[in-house]
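Below, chain A is the first sequence line, B the second, and so on; all start at residue 1.
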Number of protein chains: 2
Amino acid sequence: MPKTLDDIDHRLLALLQQDSGRTLAALGDLVGLSPSAVQRRIDRYRETGLLRREIAVVDPSSALLAVCLVTLDRESPESHRSFREWVQAAPEVQQFYNVSGDHDYVVILATSGMAHHRETAERVIKNAPNLRRYSTMFVLDPIRTTLTVPTR
Amino acid sequence: MPKTLDDIDHRLLALLQQDSGRTLAALGDLVGLSPSAVQRRIDRYRETGLLRREIAVVDPSSALLAVCLVTLDRESPESHRSFREWVQAAPEVQQFYNVSGDHDYVVILATSGMAHHRETAERVIKNAPNLRRYSTMFVLDPIRTTLTVPTR
DNA sequence: TCTGAAAGTTTTCATCC
DNA sequence: GGATGAAAACTTTCAGA
């Protein structure tokens with residue numbers, strides 16, 4: 001249970017989401033806290049599950065990104081379940097959302113090029129049972145790619 | 001200039017994109033290299049710009065995510081430029097792609113709830129000059145949210 | 001209960017082989 | 001690519017507010 005976060009917590013979380021490579025001392029300077037106080041707060045974020053992990057970000061311009069919109073044929077739970085499992089098994093699936101509206105899923109594929117993309121789309125999406133509709137938008141320019149979410 | 005990456009580089013980069021919290025010793029064990037050799041490789045990734053930074057990942061289920069598809073009215077460079085600037089200025093814009101196909105842009109908004117979303121969509125997107133079409137898919141379940149890209 | 005400071009431990013960095 | 005010593009960071013503990 002995340003206890004109520006104060007203003008310093010929000011600033012700290014925003015900083016960590018932008019760049020977690022800073023030292024505790026540097027973070028402390030930025031928010032006005034001692035390094036140990038900063039560390040205690042970060043520990044709490046991890047314990048409560050608010051902070052999941054740290055990752056290294058690779059330059060996305062070296063990859064081919066594609067946003068795929070998927071609609072399945074029916075609302076049968078089995079077809080959704082098997083579709084999810086199939087998609088989740090693919091390492092090329094960078095993001096995978098169940099969404100509201102005309103489509104059921106948004107799948108963002110990250111591949112090394114068009115040949116790899118075609119192979120992946122074929123294997124991961126087009127082979128899905130009960131696939132009704134499927135469209136692809138290729139990313140021409142990844143203007144911003146973050147995972148930042150607001151904490152308040 | 002990324003020199004040609006060998007197999008160990010690819011494995012190292014995959015590990016770092018999954019979780020960069022590991023020590024050099026742990027990484028070395030996983031790929032069969034000494035800690036200092038691992039460090040040299042990581043330094044090279046940073047120098048060449050392949051590795052941009054490290055970030056902390058906050059649990060996305062605490063936020064309201066929305067995938068917005070945007071089409072502008074004309075191909076006038078000015079309207080695209082001003083739209084980009086306007087969108088880029090908003091901290092709620094988690095991802096922002098220029099894409100091929102019927103739509104011009106995909107914008108993923110991360111907000112604290114529906115009230116925040118409506119305010120943000122109004123401010124960031126609906127006020128755009130030359131906005132032709134705009135649709136929103138709310139994320140019901142963020143099944144996978146990574147920034148992983150293939151390195152080969 | 002939370003903060004800040006200091007001691008002990010681990011990791012990282014630079015140089016050498 | 002590996003190994004070593006030096007520097008830096010992190011973790012733990014403890015005293016104070």
Side-chain ([X]) to main-chain ([Y]) donor-acceptor, under 3.5 angstrom:
X	Y	result
B:D104	B:L72	yes
A:Q94	B:T148	yes
B:R53	A:Q18	yes

### Message
I'd like to know if A:V139 and A:Y97 are part of one continuous hydrophobic network [Ile/Leu/Val/Met/Phe/Trp/Tyr, side-chain heavy atoms within less than 4.5 Å].
### Response
yes

### Task
Please answer: with hydrophobic residues joined when any side-chain heavy atoms are less than 4.5 Å apart, are B:V106 and A:V99 in the same cluster?
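B:V106 clusters together with A:V99.
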
### Query
Using a heavy-atom distance cut-off of less than 4.0 Å, which residues of residues 8-25 of chain A contact DNA chain C?
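Listed by number, there are none.
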
Rounded to the Å, how far apart are [X] [atom1] and [N] [atom2]?
X	N	atom1	atom2	result
A:D29	D:dA9	CG	P	11 Å
B:E47	C:dA14	CD	P	10 Å
B:R44	D:dG1	CZ	C1'	11 Å

### Task
Show your working on salt bridge (charged side-chain N to carboxylate O under 4.0 Å, His left out) between B:R81 and B:E85 and close with a plain yes or no.
CA-CA 6 Å; B:R81 194 180 47 74; B:E85 280 179 10; 3.2 Å; yes

### Message
Below the 4.0 Å mark, does C:dC2 have OP1 or OP2 next to a side-chain nitrogen or oxygen of A:R41?
### Response
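False: A:R41 side-chain N/O out of range (4.0 Å or more) of C:dC2 OP1/OP2.
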
### B:Q39 side-chain N/O to C:dC13 phosphate OP1/OP2 under 4.0 Å
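Looking at the OP1 and OP2 atoms of C:dC13, one of them is under 4.0 Å from a side-chain N or O of B:Q39.
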
#### Entry: Side-chain ion pair, A:R22 and A:D29, N-O less than 4.0 Å
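So A:R22 does not pair with A:D29 through a salt bridge.
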
### Query
Would you call A:R152 and A:D9 a salt bridge, taking side-chain N to carboxylate O under 4.0 Å as the test?
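Looking at A:D9 together with A:R152, the answer is no, because their closest N to O distance does not fall below 4.0 Å.
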
### Task
State, to the nearest 10°, the angle formed by the axis through the first five base pairs of the helix from C:dT1-D:dA17 to C:dC17-D:dG1 and the axis through its last five.
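About 30° separates the two local helix axes.
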
### Message
Minimum heavy-atom separation for A:T145 and A:P142, please, with both atom names.
### Response
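A:T145 and A:P142 have their closest heavy atoms at CG2-CB, 3.9 Å.
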
### Minimum side-chain heavy-atom gap A:L13-A:L5 below 4.5 Å
yes

### Message
Tell me whether A:R123 at atom CZ has more than 12 heavy atoms from other residues, nucleotides or ligands lying less than 6.0 Å away.
### Response
yes

Write down the protein N/O and nucleotide N/O pairs, taken from nucleotides 2-5 of chain D, whose separation is under 3.5 Å; answer none if there are no such pairs.
from, atom 1, to, atom 2, distance (Å)
D:dG2, OP2, B:S34, N, 3.0
D:dG2, OP2, B:S34, OG, 2.9
D:dG2, N7, B:R40, NH2, 2.8
D:dG2, O6, B:R40, NH1, 2.8
D:dA3, N7, B:S36, OG, 3.1

